[in-house]
Amino acid sequence: MAWLPDWLELLGRWVHLTTGIAWIGSSFYFIWLDNHLTPPESSVDRDKGVGGELWAVHGGGFYQAQKYAGAPPEMPMQLHWFKWEAYSTWLSGVFLLILIYWLGAEVYLVDPSVRPMSSGAAVGIGAAYLIGGWIIYDRLCKSPLGRNDRALSVVLFGFLVLIAWSLCQLFGGRGAFIHYGAVIGTIMVANVAMIIIPGQRRMVAALTEERPINPLDGARGKQRSVHNTYLTLPVLFVMISNHYASTYSGTWNWLVLIGMTVAGALIRVYFVSRHKGAASPVPAIGGIGALAATAVLANGLSGFGSTQVDNVAVPEMAAIASIITERCTSCHANAPSWPGFAAAPAGVVLETQEDIARYAEQIHQQTVVLKAMPIGNLTGITDEERAAIDVWYRAR
């Protein structure tokens with residue numbers, strides 16, 4: 001039945017990607033729409049309370065979008081809500097988190113070289129971060145600090161730094177990164193479910209009952225929507241980071257995580273500003289600079305490099321094959337023996353000396369340079385064995 005988790009993961013990722021595209025697409029569109037609205041040309045529209053409008057052409061048709069400064073004179077017959085995209089993205093994401101990282105905690109979450117702990121403890125800590133992250137964030141936004149967006153942004157950034165650093169002190173890099181993204185994703189969907197949608201329901205109820213709308217609901221919803229749009233690119237980075245061990249395997253992996261968060265947020269700042277017309281290039285330059293600095297950190301200053309062990313003679317291929325067979329082949333085989341693996345990760349099979357020679361560069365990169373494999377060092381590869389692989393590879 002090892003194929004079943006693989007297919008569940010595939011279907012979960014498919015749903016997660018599809019619903020995520022829908023959520024991010026609608027979120028980006030409404031931010032773009034807000035920033036392109038112009039005062040209505042018609043006095044009739046102005047008298048009805050229209051605060052901004054936009055004309056667009058798409059797919060062979062003309063569209064007119066209008067936004068009311070407060071509320072329309074009467075409730076429309078049909079009102080579209082944007083919420084299920086967010087809920088479905090989070091639900092499918094949590095499904096994947098449980099399936100891959102919580103049920104496979106001993107592989108993808110716990111790393112004894114970082115902090116020894118049981119799988120149950122790791123899962124409990126991960127769940128606590130998801131819940132606690134939202135509670136603390138929400139309290140900060142509702143505190144007096146929430147009335148000053150600039151000050152709030154600084155404090156929230158410090159909060160994200162703390163989350164990134166602490167997760168990387170608890171879990172293996174891959175598990176730490178995905179939980180950082182899960183915390184942010186939970187904050188984003190909770191903004192929708194706990195703040196934006198309830199506020200919109202109160203606004204609709206007030207309009208239906210012909211009561212004044214509380215402007216605080218609109219202000220809070222707008223603030224949380226802006227937070228969500230700046231958090232989107234960091235979350236997308238985390239979603240793909242597990243394919244790039246150089247980002248999460250280094251000594252300073254938490255700084256890589258923060259660097260990519262800063263880069264994504266600054267790039268998004270630039271594009272949001274650009275929607276309004278001419279925009280300062282400073283955020284874009286800062287984002288590109290953060291990307292460059294993070295790349296240097298991830299690949300040059302993160303503790304990567306050959307394992308230093310004195311007096312290692314150049315080993316024979318048979319000796320390297322013995323190491324690979326003992327430490328790697330339980331996963332990297334045509335029929336993996338390690339529980340939960342239906343096929344060799346990334347399709348890399350290391351069963352023969354010919355296989356090992358074919359993948360020599362990848363073996364060296366993953367086991368010696370990045371030390372990302374064996375994942376979580378589940379099979380207990382030693383520094384001497386890594387050094388032997390290093391010497392063998394360099395002598396080829």
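Just so it is clear, the structure is predicted and the values come from calculations on it, not from any experiment.
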State yes or no: do [X] and [Y] share one hydrophobic cluster built from I, L, V, M, F, W and Y residues joined by side-chain heavy-atom distances below 4.5 Å, directly or via other members?
X	Y	result
Leu266	Tyr270	yes
Leu33	Tyr68	no
Phe237	Phe157	yes
Ile125	Ile187	yes
Ile24	Leu17	no

Just so I know, are the side chains of [X] and [Y] near enough to count as touching, which here means a heavy-atom distance under 4.5 Å?
X	Y	value
Val94	Trp90	yes
Leu54	Trp32	yes
Ile258	Trp165	no
Asp45	Gln66	yes
Val114	Phe171	no
Trp23	Val192	yes
Thr329	Ile324	yes
Leu233	Phe271	no

In this structure, are over 12 heavy atoms from other groups packed under 6.0 Å from [X] atom [atom1]?
X	atom1	answer
His58	NE2	no
Met194	CE	no
Glu361	CD	no
Gln64	CD	yes
Phe28	CZ	yes
Lys48	NZ	yes

What about the rings of Phe82 and Phe30, do their centers lie closer together than 6.0 Å?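 When the ring centroids of Phe82 and Phe30 are compared, they turn out to be within the sub-6.0 Å range.
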Would you say the side chains of [X] and [Y] form a donor-acceptor pair under 3.5 Å?
X	Y	value
Ser153	Tyr230	no
Asp355	Thr352	yes
Tyr359	His332	no

Please check: side-chain N/O of [X] versus main-chain N/O of [Y], any donor-acceptor pairing under 3.5 Å?
X	Y	value
Ser166	Ile163	yes
Thr89	Thr19	yes
Arg327	Thr379	yes
Thr229	Ser225	no
Ser241	Val238	yes
Arg46	Pro40	yes
Arg174	Tyr248	no

Heavy-atom pair with the smallest gap, counting every atom of [X] and [Y]:
X	Y	result
Pro315	Ala319	CB-CB, 4.2 Å
Trp254	Ala164	CB-O, 3.7 Å
Ala344	Val349	CB-CG2, 4.0 Å
Trp102	Gly126	CZ2-C, 4.1 Å
Gly146	Leu152	CA-CD2, 4.0 Å
Ala206	Pro212	CB-O, 3.8 Å

I need the [X] [atom1] to [Y] [atom2] distance, nearest 0.5 Å.
X	Y	atom1	atom2	answer
Asp111	Leu170	CG	CG	12.0 Å
Ser27	Met188	OG	CE	6.5 Å
Leu297	Trp252	CG	CH2	9.0 Å
Met260	Tyr180	CE	OH	11.0 Å
Leu10	Trp14	CG	CH2	7.5 Å
Asn191	Gln223	CG	CD	9.0 Å

Would you call the rings of Tyr101 and His179 parallel, tilted or perpendicular, where under 30° means parallel and over 60° means perpendicular?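 Tyr101 and His179: perpendicular rings.
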Assign the ring pair Tyr87 / Trp84 to parallel, tilted or perpendicular, where the plane angle (0 to 90°) is split at 30° and 60°.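 Ring orientation, 0 to 90° scale: perpendicular.
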Can Ser119 and Leu109 be said to form a side chain to side chain contact (heavy atoms under 4.5 Å, CB included), step by step? CA-CA 8 Å; Ser119 295; Leu109 195 53; over 6 Å; no
I'd like to know whether His16 forms a side chain to side chain contact (heavy atoms under 4.5 Å, CB included) with Met239, so could you lay out the CA-CA distance, the side-chain angles of the two residues, the decisive distance to 0.1 Å, and finally the verdict. CA-CA 10 Å; His16 192 52; Met239 287 173 62; 3.7 Å; yes
Check against side chain to side chain contact (heavy atoms under 4.5 Å, CB included), Ile323 and Thr367: CA-CA 11 Å; Ile323 294 172; Thr367 62; over 6 Å; no
Tell me whether Asp138 is salt-bridged to Arg224, with the criterion being a basic N under 4.0 Å from an acidic carboxylate O.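 Yes, this pair counts.
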Answer yes or no: is there an ion pair linking Glu9 with Arg13, defined by an N-O contact shorter than 4.0 Å?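 Answer for the salt bridge query: yes.
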ring-ring contact (aromatic ring centres under 6.0 Å, His included) contacts touching residues 199-221 (sequence neighbours left out):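 As it turns out, there is no ring-ring contact (aromatic ring centres under 6.0 Å, His included) pair with a partner in residues 199-221 once direct neighbours are skipped.
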Going through the checks in order, is the side chain to side chain contact (heavy atoms under 4.5 Å, CB included) test met by Ile31 and Asn35? CA-CA 6 Å; Ile31 292 292; Asn35 288 329; 3.8 Å; yes
